[in-house]
Amino acid sequence: MANKFYVTTPIYYVNDKPHLGSAYTTLAADVLARYHRHLGEDVWFLTGTAEHGDKIAGSAAKAGQEVQAFVDEMSAKFSVAWDSLNIEPDDFIRTTEPRHVAAVIKFFNKLKASGQVYKGIYEGLYCTPHEAFLKETDLVDGVCPDHKIAPERVAENNWFFKLSDYAEPLRQLIESNELVIAPAGRRNEVLAFLSRGLEDISISRPRAKFAIPLPWDETQKIYVWMDELFNYCSAIGYGVDDEKFRHYWPADLHLMGKDIIKFHCVIWPALLLAIGERPPKQVFAHGFFTVNGQKMSKTLGNVIDPVELAADYGVDAVRFFLLSEFAFGADGDISVERFKERYNSHLANGLGNVVSRVLTLVEKYRDQVSTPESDTLATATAEVWANYHAAMAELQFDAAIGEIWRLLSLADGYVEAHKPWELAKNNPAKLGTVLATLVEILRQVGWLLYPIMPATA
Ligand code: MSP
């Protein structure tokens with residue numbers, strides 16, 4: 001039976017429209033899904049939207065809309081954006097869907113039955129835009145460094161999950177690579193965090209308005225992050241379609257930005273262990289963008305909208321640029337100027353030139369095209385293929401792209417070395433082989449390019 005490959009993105013908050021950050025994660029997932037499908041694997045690619053929380057209810061109120069209507073409209077913007085970037089998920093989960101809500105309730109009942117939850121009082125600093133409690137040490141000059149506002153001090157009844165019992169089991173999972181965390185720097189960060197010990201976490205909120213009710217205590221709602229994490233299971237039929245769930249779980253890869261790895265590498269696997277499920281096989285966190293050295297922000301007016309860029313330059317050009325400009329996993333800087341430069345140097349000149357050069361020759365001498373020079377070709381391309389697969393396995397898209405361009409310059413060099421226009425005069429048999437070899441190289445370029453630039457390929 002074919003290998004299965006279950007890949008996910010975070011589910012995005014619907015209080016804002018999709019932007020470059022969410023597009024980046026979702027694009028990477030699409031590239032991997034296409035690559036694994038292309039290898040004949042049984043792929044399931046999930047994305048979606050996170051729609052609960054008072055922040056979202058607040059955005060709806062601000063927009064003068066009823067919450068459900070607001071989240072319907074905003075969630076649709078994500079589907080449309082992914083469509084316009086030629087991103088094709090197999091499923092799109094929304095946390096307000098009945099299928100998700102029902103699965104979360106089953107999950108919470110199971111968690112309660114595990115004996116890992118208890119009632120207590122929580123006192124702390126709550127940052128509403130974060131939908132999270134912060135520690136004193138998280139604050140900078142008394143305010144949340146991300147949202148620039150002072151958190152609220154609250155004391156409330158909460159239900160807690162005994163996360164503190166899981167530091168050691170989690171450490172073992174990570175050190176044995178049963179749960180792979182990549183890149184290595186993120187893995188070290190999580191291990192360092194675990195070595196300081198874990199505190200129990202609160203999993204319910206008495207004051208939340210727009211959230212799933214806690215099944216056993218009507219004064220409480222489920223903490224949105226707990227509801228959101230469970231999307232990875234609810235979407236593949238947890239508690240409803242056991243066959244599908246058993247087939248795809250555990251997830252092969254959770255992709256995300258580096259901002260949310262603690263949720264995914266600590267809380268999520270611990271919750272799964274508590275209900276007797278396997279943790280995901282791998283969590284990979286990518287970096288963040290700056291634009292011309294500055295954080296992307298509406299106030300600075302330097303926001304790059306991937307959908308607009310795609311409308312102007314073509315979808316594949318944007319896909320290529322986002323994944324080739326810097327290593328996936330690192331932080332990186334981008335700019336529209338560099339996008340244009342790369343467009344010219346790599347797409348118009350690199351790819352475009354080689355392809356049109358070969359096709360012009362083939363058209364001119366089409367009756368002569370025979371069979372490729374297989375030996376030369378095999379040795380020359382073997383390394384490209386090996387490096388490409390290795391790069392894809394490590395999610396090093398820039399390196400994988402580099403290998404495709406190596407193949408293109410190989411084709412270019414081959415044309416220069418054999419001068420088909422001269423062979424046409426003195427060696428038609430050789431011309432046939434040379435042209436067929438070039439066509440075969442382009443076919444391989446097409447294969448390798450497909451996950452990244454599907455339409456072009
Ligand atoms: N709803 C939670 C995720 C729950 S997953 C069970 C959430 N949503 S979010 O809308 O804030 O999206 C977070 C993700 O969007 C990041 O992890 C990352 O994948 C992507 N990005 C959002 N902003 C980003 C940048 N500025 N740069 C790169 N990626 C970022 O957190």
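Counting from 1, the numbers follow the sequence of the chain as shown.
- Atom CG of Asp312 has more than 12 neighbouring heavy atoms from other residues, nucleotides or ligands inside a 6.0 Å radius.
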Is there a side-chain contact (heavy atoms from CB on, under 4.5 Å) between Arg342 and Leu347? Walk through the geometry before answering. CA-CA 7 Å; Arg342 230 170 211 292; Leu347 298 182; over 6 Å; no

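- Within the structure, ring pair (Phe, Tyr, Trp, His ring centres under 6.0 Å) contacts touching residues 86-114 (residues at least two apart or in different chains) are Phe107-Phe230.
- A search for salt bridge (Lys or Arg N to Asp or Glu O under 4.0 Å) contacts involving Glu88 returns Arg34, not counting sequence neighbours.
- Side-chain contact of Tyr232 with His264: a donor-acceptor pair under 3.5 Å is present, judged by distance alone.
- No more than 12 heavy atoms of other residues, nucleotides or ligands lie within 6.0 Å of CD in Glu243, so this atom counts as exposed by the packing criterion.
- Residues in residues 57-72 take part in these salt bridge (Lys or Arg N to Asp or Glu O under 4.0 Å) pairs, two or more places apart or across chains: Asp72-Arg94.
- Side chains of Asp200 and Tyr118: a donor-acceptor N/O pair is present below 3.5 angstrom, by distance only.
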Extract all donor-acceptor atom pairs below 3.5 Å that involve side chains of residues 280-290 and protein atoms in other chains or at least two apart in sequence.
from: Lys281; atom 1: NZ; to: Asp252; atom 2: OD2; distance (Å): 3.2
from: His286; atom 1: NE2; to: Thr25; atom 2: OG1; distance (Å): 2.8
from: Thr290; atom 1: OG1; to: Asp333; atom 2: OD1; distance (Å): 2.7

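- Partners of Asp146 according to the salt bridge (Lys or Arg N to Asp or Glu O under 4.0 Å) rule, which considers only residues two or more places apart in sequence or in another chain, do not exist here.
- No hydrogens or angles considered: nothing links the side chains of Asn158 and Ser204 as a donor-acceptor pair under 3.5 Å.
- Donor-acceptor pairing under 3.5 Å is recorded for the side chains of Tyr12 and Thr26.
- Partners of Trp216 under the ring-ring contact (aromatic ring centres under 6.0 Å, His included) rule, at least two apart in sequence or in another chain, are Trp159.
- Heavy-atom neighbours of Lys4 NZ from other residues, nucleotides or ligands within 6.0 Å: above the threshold of 12.
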Counting only pairs under 3.5 Å, give me each side-chain donor-acceptor contact of residues 266-274, with atom names and distances, residues two or more places apart or in other chains.
from: Trp268; atom 1: NE1; to: His254; atom 2: NE2; distance (Å): 3.1

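- Every residue was checked against the salt bridge (Lys or Arg N to Asp or Glu O under 4.0 Å) condition with Asp259, not counting sequence neighbours, and none meets it.
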Between side-chain atoms of residues 53-60 and protein atoms elsewhere (two or more places apart, or another chain), which donor-acceptor pairs fall under 3.5 Å?
from: Asp54; atom 1: OD1; to: Lys209; atom 2: N; distance (Å): 3.1
from: Asp54; atom 1: OD1; to: Phe210; atom 2: N; distance (Å): 3.3
from: Lys55; atom 1: NZ; to: Pro129; atom 2: O; distance (Å): 2.6
from: Ser59; atom 1: OG; to: Lys55; atom 2: O; distance (Å): 3.1

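- Of the N and O atoms on the side chains of Asp42 and Tyr248, at least one donor lies less than 3.5 Å from an acceptor on the other residue.
- With hydrogens and angles left out, the side-chain atoms of Thr49 and Glu51 include a donor and acceptor closer than 3.5 Å.
- Scanning both residues, Ala23 and Ile87, for their nearest heavy atoms gives O-CD1, 4.5 Å.
- To the nearest 0.5 angstrom, Ser345 atom OG is 14.0 Å from Lys340 atom NZ.
- Classification of the His389-Tyr35 ring pair by plane angle, with boundaries at 30° and 60°, yields tilted.
- Every residue was checked against the ring-ring contact (aromatic ring centres under 6.0 Å, His included) condition with Phe70, not counting sequence neighbours, and none meets it.
- With sequence neighbours excluded, the residues satisfying salt bridge (Lys or Arg N to Asp or Glu O under 4.0 Å) with Arg171 are Glu168, Glu175.
- Considering only residues two or more places apart in sequence or on other chains, His130 meets the ring-ring contact (aromatic ring centres under 6.0 Å, His included) condition with His147.
- For the residue pair Glu383 and Tyr388, no side-chain donor N or O sits within less than 3.5 Å of a side-chain acceptor on the partner.
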